[in-house]
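Report on the following structure.
Every chain is numbered from 1, with letters handed out A, B, ... down the list of sequences. Only heavy atoms go into these numbers, but all of them, side chains included; no hydrogens, no water, no symmetry mates.
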There are 2 protein chains.
Amino acid sequence: MNTLSYGLLGLLARASRSGYELMQYIQPFWQAKHSQIYPLLAKMEQEGYVTHEVVLQSDKPDKKVYSITSKGSDKLKIWINEPTTEPVLRDEMMLKAYSLWLTDPESAVRLFSSRAQMYADKLAYYENLMQGLKERESETSYLSPASPAFGRYILLQKALDNSKNGQNWCEWVLSMLKNG
Amino acid sequence: MNTLSYGLLGLLARASRSGYELMQYIQPFWQAKHSQIYPLLAKMEQEGYVTHEVVLQSDKPDKKVYSITSKGSDKLKIWINEPTTEPVLRDEMMLKAYSLWLTDPESAVRLFSSRAQMYADKLAYYENLMQGLKERESETSYLSPASPAFGRYILLQKALDNSKNGQNWCEWVLSMLKNG
DNA sequence: AGGTACATGTAATTGGTTACATGATTCC
DNA sequence: GGAATCATGTAACCAATTACATGTACCT
């Protein structure tokens, strides 16, 4: 059971989903490809944390829909109270920023402009998700810590903060590149 | 040549350093253990990007001091202008926040309090590094994009922003946990 | 007929962590 | 003598990405 397993259990604790769906839902908060998720689900099923049933579809290919077991749910609840490991951030941009003095001003501007654009795109993406949440759920739902919507709400808020933060940082650097 | 290699070249472009020193300097911006760095340096030397000489020390054990070659410097400059990969953030806390509805209020408060403390510690750490930079370097140095100090300055600013951001987010969640 | 999204899987490789291993030097 | 920091390395393992592989259903 690695961290990704708990992320998948956290999704399945809300609703049963196929491996393909799990891959899509977890993407924004934990990067994982289908080639990592499918074998992991099989392993988790072997160990009794999830089960699956095949759901036949007529408009799309058939799928395996996974559900969390009570053993999986217990495991998930225990994990939340265990010590939390520190976040790991690996951003090539940080290393490039460190070596910025080795490049010409035009390249530096290009580098930070495209990164500002990346943050703008992410911001729009998360704003859209947040709007969707607020349309679907009432305030009493997503503002209540006991509600599943609360977790999604605070997660999206963190993602929004982070994107704004990154965007502001890029603009700040760009302003110095233009004056300096 | 992976991303870590370029990070190491970026450090060596400023000053020659031992593997042990490189490990310490790169830590805040790219997590890597000595067991990954030592073999990588050997490989980079084989490929002609760095060289090393043994420096005898009397107060400490002897060390291998690595220097960047012109081939390594060329490689580094080209890399800066290549397309930048997206950042990868893996934070167990995000997955726990998502499943927060499964736990009791006391555990939730504990979880966010200790994470707030982590951000406070990081903030203090980076503030200290920033102060050191400002004491060592003149404003004309660290505010000039052509200076090596500029890269360090904007990196520390990003780390500070990020820590503050995370701390505020934790306090915001905690305020909702106390009211909700 | 070709492209895209849906859907699931395995194999090979790289990247990264943990554990094992050794030794110098300093401070208490 | 024992702990802490400095210093370098290898081995085993786990996590993650890339590539290989197959097939359905829908739309143009």
Scan A/Lys122, A/Arg115, A/Met93 and name whichever one has a side chain to side chain contact (heavy atoms under 4.5 Å, CB included) with B/Glu86.
->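 Considering A/Lys122, A/Arg115, A/Met93, a side chain to side chain contact (heavy atoms under 4.5 Å, CB included) with B/Glu86 is found only for A/Lys122.
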Considering all heavy atoms, the nearest B/Glu171-B/Ala116 contact |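 For B/Glu171 and B/Ala116, the tightest heavy-atom pair comes out as OE2-CB, 4.0 Å.
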For atom [atom1] of [X] and atom [atom2] of [N], their distance in whole Å:
| X | N | atom1 | atom2 | answer |
| --- | --- | --- | --- | --- |
| A/Met1 | D/dC14 | CE | C1' | 15 Å |
| B/Asp59 | D/dT5 | CG | C1' | 12 Å |
| A/Gln57 | D/dA25 | CD | C1' | 10 Å |
| A/Leu41 | D/dA15 | CG | P | 15 Å |
| B/His52 | D/dT8 | NE2 | P | 10 Å |

Between A/Ser58 and A/Lys43, name the one whose nearest nucleotide on DNA chain D is closer to the 5' end.
->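 Closest to the 5' end, via its nearest nucleotide, is A/Lys43.
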Of B/Lys63 and B/Arg90, the one whose closest DNA chain D nucleotide lies more 5' |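 Comparing both residues, the 5'-ward one is B/Lys63.
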Is there a side chain to side chain contact (heavy atoms under 4.5 Å, CB included) between B/Glu45 and B/Tyr66 once you walk through the steps?
-> CA-CA 9 Å; B/Glu45 184 162 39; B/Tyr66 286 87; 4.0 Å; yes
Would you say A/Glu82 has more than 12 foreign heavy atoms packed within less than 6.0 Å of its CD?
->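 Yes, the 6.0 Å shell around CD holds more than 12 heavy atoms from other groups.
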So with a 6.0 Å cut-off around NZ of B/Lys71, is the heavy-atom count from everything else above 12?
->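 Count over threshold, so yes.
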Does a salt bridge link A/Glu21 with A/Lys63, judged by any charged N lying under 4.0 Å from a carboxylate O?
->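 Between A/Lys63 and A/Glu21 there is a salt bridge, with a charged N closer than 4.0 Å to a carboxylate O.
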Under a 4.0 Å heavy-atom cut-off, which of [range] touch DNA chain C?
| range | answer |
| --- | --- |
| residues 78-86 of chain B | none |
| residues 16-38 of chain A | A/Ser18, A/Gly19, A/Tyr20, A/Gln24, A/His34, A/Ser35, A/Tyr38 |
| residues 91-98 of chain A | none |

Between the side chains of A/Lys77 and B/Thr103, does any donor sit under 3.5 Å from an acceptor?
->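 No, no side-chain donor-acceptor pair sits under 3.5 Å.
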Using ring-ring contact (aromatic ring centres under 6.0 Å, His included) as the criterion, list what pairs up with A/Phe112, not counting sequence neighbours.
->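 If we apply the ring-ring contact (aromatic ring centres under 6.0 Å, His included) test to A/Phe112, skipping adjacent residues, the hits are A/Trp169.
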Set of ring-ring contact (aromatic ring centres under 6.0 Å, His included) partners for A/Tyr25, sequence neighbours left out =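 In terms of ring-ring contact (aromatic ring centres under 6.0 Å, His included), with neighbours along the sequence ignored, A/Tyr25 is linked to no residue.
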Hey, where on DNA chain C does chain B first and last touch, going 5' to 3'? Cut-off is any atom under 4.0 Å from a heavy atom.
->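 The contact span of chain B on DNA chain C goes from C/dG15 to C/dT26.
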Check the pair A/Cys170, A/Tyr119 against side chain to side chain contact (heavy atoms under 4.5 Å, CB included), reporting the backbone distance first and the verdict last.
-> CA-CA 9 Å; A/Cys170 288; A/Tyr119 281 123; 4.0 Å; yes
CD of A/Glu106 to CG of A/Leu177: how many Å apart, nearest 0.5 Å?
->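 Between A/Glu106 CD and A/Leu177 CG, I get 10.5 Å after rounding to 0.5 Å.
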Separation of A/Phe29 CZ from B/Tyr98 OH (nearest 0.5 Å) |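 Answer rounded to 0.5 Å: 7.5 Å.
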In a check of side-chain hydrogen bond (donor to acceptor under 3.5 Å, both in side chains) between B/Glu92 and each of A/Tyr6, A/Trp30, A/Trp79, which one passes?
->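 One option only clears the test, and that one is A/Trp79.
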